[in-house]
Colleague: 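First the structure, which I've put down as C-alpha cells, then a few questions once you've had a look.
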Amino acid sequence: MNAPHDPTAGLVTSRAHSARVYDYILGGKDHYPADIEAGDAMCRHWPALPVHMMENRRFMHRAARFLAEERGIRQFLDIGTGLPTSPNLHEVVQEVAPRSHVVYVDNDPIVLAHARALLQSSPEGATAYVDANMHDPDAILGSPEFRELIDLDRPVGLMVIGIMHFIEPPDDRRLVRRLLDPLPSGSFLAMTIGTADFAPEEVNRVAREYRRQGMPFVLRDLPTAASFFEGLEPAEPGIAQVHTWHPGPEQDGIDGRDIAMYGAVARKP
C-alpha cells in the first residue's frame, strides 16, 4: 500500500518565500517566521509595499473581468498562482461566465497544499491545478490538466501576474513567448511587471532585500516592460501603472509613487 502523498514534503520554512511574504504583507495566515521577518524588513524599506501588492491583485481582478465580460474569453491559464486568496481568478470569471475553465500553475509546496481552494469551480465550469514551474513551459503545456481543460481551437487568457520580477533575463521573454505561441489567434496576455521608475530609491531597497533573502528580483523600465507585448495588440490604455488600468473607485487617491508595477492586456493577432 502506497503512503499518502504529502504536498508539503518539499516545504522549506527556515527561509522566506515570495508567495508567503506576499501572503503575510496582505494579511494572510499561510506564512512562517522567516517570511514575517522578510516582510517586515521590506515594509521598513518601503512602507507603501502593501498598497502596491494590493493594487497588483486588483489589476488581476479587473483584467480577468475585462477578458471575460468584454472579450468573451472562457478559458484561462494562470501562471504563478500563489496562495489562494478570494476572490480567486475562477471566482471572478465564473461570476461573468459560469462555464469558464481555469488552469492554475504554481510549484510551491504550500500552494499545492492549499490547491483545493482553487478547485471550487462553479458546477458548469472547471478548474485544475498544475504543479509546475514557469521555467518549464513544456511541462505546463503538456500536462493532462492543460490538455483536458484548454481547447486550443478557442482563445485563451494567459495571466502572468506578479511573477516576472522573479524571472531573470535572458529567459524572461522566451518563457512568456513559449507559453503564448501555442495559443490561438484572439488569445490575450495579461501581465504585470515590476519597476523602479516611480520610487527608485525605495523600490531598489526592497529589491536588495529580496535578493538578500535568497530570492531573485528584477526590475524593468517602461521600454523593457513594453517589449513583452511586441507583436500583440494592447487593449486601451496600453501599458500603464496597474492602478491606472481601467481604474475603479478603489483606485481613487492612490499616489503613483506607491505603485511599482506596470500592467497591460494585449491580444494575439
Side-chain angles (χ1 to χ4, degrees), residues 22 26 46 48-80 82 87-89 91-93 95-97 100 102 155-167 172-173 175-177 179-180 183-200 202-203 218-269:
Y22 185 78
L26 290 184
W46 191 35
L49 187 57
V51 175
H52 156 81
M53 287 184 168
M54 180 59 72
E55 288 308 310
N56 177 70
R57 182 79 180 174
R58 286 172 169 167
F59 170 89
M60 184 274 283
H61 294 155
R62 297 195 307 278
R65 180 169 290 277
F66 169 82
L67 290 176
E69 205 165 56
E70 299 192 30
R71 295 295 184 265
I73 301 299
R74 297 293 180 261
Q75 43 185 7
F76 294 82
L77 177 62
D78 185 28
I79 305 297
N88 292 296
L89 176 61
E91 294 171 301
V92 174
V93 300
E95 183 180 351
V96 176
S100 297
V102 177
V156 178
L158 173 60
M159 314 294 287
V160 185
I161 306 296
I163 187 174
M164 290 312 298
H165 41 281
F166 301 120
I167 307 294
D172 46 1
R173 288 183 62 187
L175 292 170
V176 174
R177 287 292 159 169
L179 291 166
L180 190 60
L183 307 184
S185 174
S187 294
F188 283 83
L189 170 64
M191 192 172 179
T192 61
I193 301 163
T195 185
D197 284 357
F198 303 98
E202 297 90 337
V203 175
V218 181
L219 297 163
R220 297 170 171 91
D221 60 16
L222 180 57
T224 306
S227 71
F228 286 96
F229 300 94
E230 287 178 1
L232 306 179
E233 301 167 350
E236 290 294 334
I239 189 165
Q241 277 181 285
V242 290
H243 70 296
T244 67
W245 193 92
H246 294 220
E250 299 90 346
Q251 283 68 52
D252 289 347
I254 290 178
D255 188 334
R257 292 170 297 182
D258 292 345
I259 307 299
M261 197 78 82
Y262 288 116
V265 175
R267 180 183 181 275
K268 181 178 179 179

Colleague: As an exercise, state the distance from CE of M164 to CG of L219, rounded to the nearest 0.5 Å.
Modeller: 12.5 Å

Colleague: Examine distances only and state if a side-chain atom of T192 and a backbone atom of N56 form a donor-acceptor pair shorter than 3.5 Å.
Modeller: no

Colleague: Supply the atom-to-atom distance Y22 OH to M53 CE, rounded to the nearest 0.5 angstrom.
Modeller: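 Result: 7.0 Å between the selected atoms.
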
Colleague: Could I get the full list of salt bridge (charged side-chain N to carboxylate O under 4.0 Å, His left out) partners for R58, not counting sequence neighbours?
Modeller: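 For R58 the salt bridge (charged side-chain N to carboxylate O under 4.0 Å, His left out) partners, ignoring immediate neighbours, are E55.
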
Colleague: Using every non-hydrogen atom in the two residues, find where G186 and I73 come nearest and quote the distance to one decimal.
Modeller: O-CD1, 3.9 Å

Colleague: Search all heavy atoms of P237 against all heavy atoms of H246 and return the closest pair with its distance.
Modeller: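 Shortest heavy-atom contact: CD-CD2, 3.8 Å.
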
Colleague: To the nearest 0.5 angstrom, please state how far the CG atom of D172 sits from the OG atom of S227.
Modeller: 7.5 Å

Colleague: Evaluate L222 against I239 for side-chain contact (heavy atoms from CB on, under 4.5 Å), listing each step before the verdict.
Modeller: CA-CA 8 Å; L222 180 57; I239 189 165; 3.8 Å; yes

Colleague: For the residue pair V218 and I167, what are the closest heavy atoms and their distance?
Modeller: CG2-O, 4.0 Å

Colleague: Return the set of residues passing salt bridge (charged side-chain N to carboxylate O under 4.0 Å, His left out) with R65 (not counting sequence neighbours), or none when no residue passes.
Modeller: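 Here the qualifying residues are E69, E95.
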
Colleague: Is there a donor-acceptor pair closer than 3.5 Å between any side-chain N or O of R71 and the backbone N or O of G157?
Modeller: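 Answer holds: no.
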
Colleague: Which residue pairs satisfy the salt bridge (Lys or Arg N to Asp or Glu O under 4.0 Å) criterion with at least one member in residues 230-243, sequence neighbours excluded?
Modeller: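 As it turns out, the salt bridge (Lys or Arg N to Asp or Glu O under 4.0 Å) pairs with a partner in residues 230-243, which skip direct neighbours, are R173-E230, E233-R267.
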
Colleague: When you measure from the side chain of N88 to the backbone N and O of E91, does any donor-acceptor pair fall under 3.5 Å?
Modeller: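 Not confirmed, N88 side chain does not pair with E91 backbone.
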
Colleague: Apply side-chain contact (heavy atoms from CB on, under 4.5 Å) to F76 and L67, showing your working.
Modeller: CA-CA 10 Å; F76 294 82; L67 290 176; 4.0 Å; yes

Colleague: What pairs of donor and acceptor atoms, side-chain ones from residues 256-264 against any protein atom, are under 3.5 angstrom apart with sequence neighbours left out?
Modeller:
unit_1	atom_1	unit_2	atom_2	d
R257	NE	D255	OD1	3.2
R257	NE	D255	OD2	3.1
R257	NH2	D255	OD2	2.7
Y262	OH	D197	OD2	2.6

Colleague: Could you please spell out the steps behind the side-chain contact (heavy atoms from CB on, under 4.5 Å) verdict for V265 and L189?
Modeller: CA-CA 6 Å; V265 175; L189 170 64; over 6 Å; no

Colleague: If you round to the nearest 0.5 Å, how far is CG of L179 from CD1 of I79?
Modeller: 5.0 Å

Colleague: So, K268 side chain and L180 main chain: donor-acceptor pair closer than 3.5 Å or not?
Modeller: yes

Colleague: Is it true that a side-chain atom of Q251 and a backbone atom of G248 form a donor plus acceptor pair closer than 3.5 Å?
Modeller: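 A pair under 3.5 Å: yes.
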
Colleague: How are the rings of W245 and F66 set to each other: parallel, tilted or perpendicular (split at 30° and 60°)?
Modeller: perpendicular

Colleague: Could you walk me through whether V93 and V102 pass the side-chain contact (heavy atoms from CB on, under 4.5 Å) check?
Modeller: CA-CA 9 Å; V93 300; V102 177; 3.9 Å; yes

Colleague: Kindly write out the residues that satisfy ring-ring contact (aromatic ring centres under 6.0 Å, His included) with H61, not counting sequence neighbours, or none if the list is empty.
Modeller: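 ring-ring contact (aromatic ring centres under 6.0 Å, His included) list for H61, sorted by chain: empty.
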
Colleague: Is any side-chain heavy atom of L232 less than 4.5 Å from a side-chain heavy atom of P269?
Modeller: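 Counting from C-beta outward, L232 and P269 do come under 4.5 Å.
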
Colleague: For A226, is there any backbone N or O sitting under 3.5 Å from a side-chain donor or acceptor partner on R220?
Modeller: no

Colleague: Once you round to the nearest 0.5 Å, how far does CG of L89 lie from CE of M159?
Modeller: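 Nearest 0.5 Å value for the CG-CE distance: 5.5 Å.
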
Colleague: Of all the heavy-atom pairs spanning A64 and V92, show the shortest one and how long it is.
Modeller: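 Nearest heavy atoms, A64 then V92: CB-CG1, 4.1 Å.
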
Colleague: Where is the tightest heavy-atom contact between L26 and P50, given as atom of each residue plus distance?
Modeller: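 What the structure gives for the nearest pair is CD2-O, 3.8 Å.
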
Colleague: Kindly compute the distance separating CG (L77) from CG (L183), expressed to the nearest 0.5 Å.
Modeller: 7.0 Å

Colleague: I'd like to know if the side chain of S187 reaches the main chain of V156, judged simply by a donor and an acceptor atom lying under 3.5 Å from each other, with no hydrogens or angles considered.
Modeller: yes

Colleague: Sequence neighbours excluded, which residues qualify as ring-ring contact (aromatic ring centres under 6.0 Å, His included) partners of F229?
Modeller: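 For F229 there are no ring-ring contact (aromatic ring centres under 6.0 Å, His included) partners, ignoring immediate neighbours.
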
Colleague: Would you name the heavy atoms of A225 and I193 that are closest together and state the gap between them?
Modeller: O-CD1, 3.5 Å

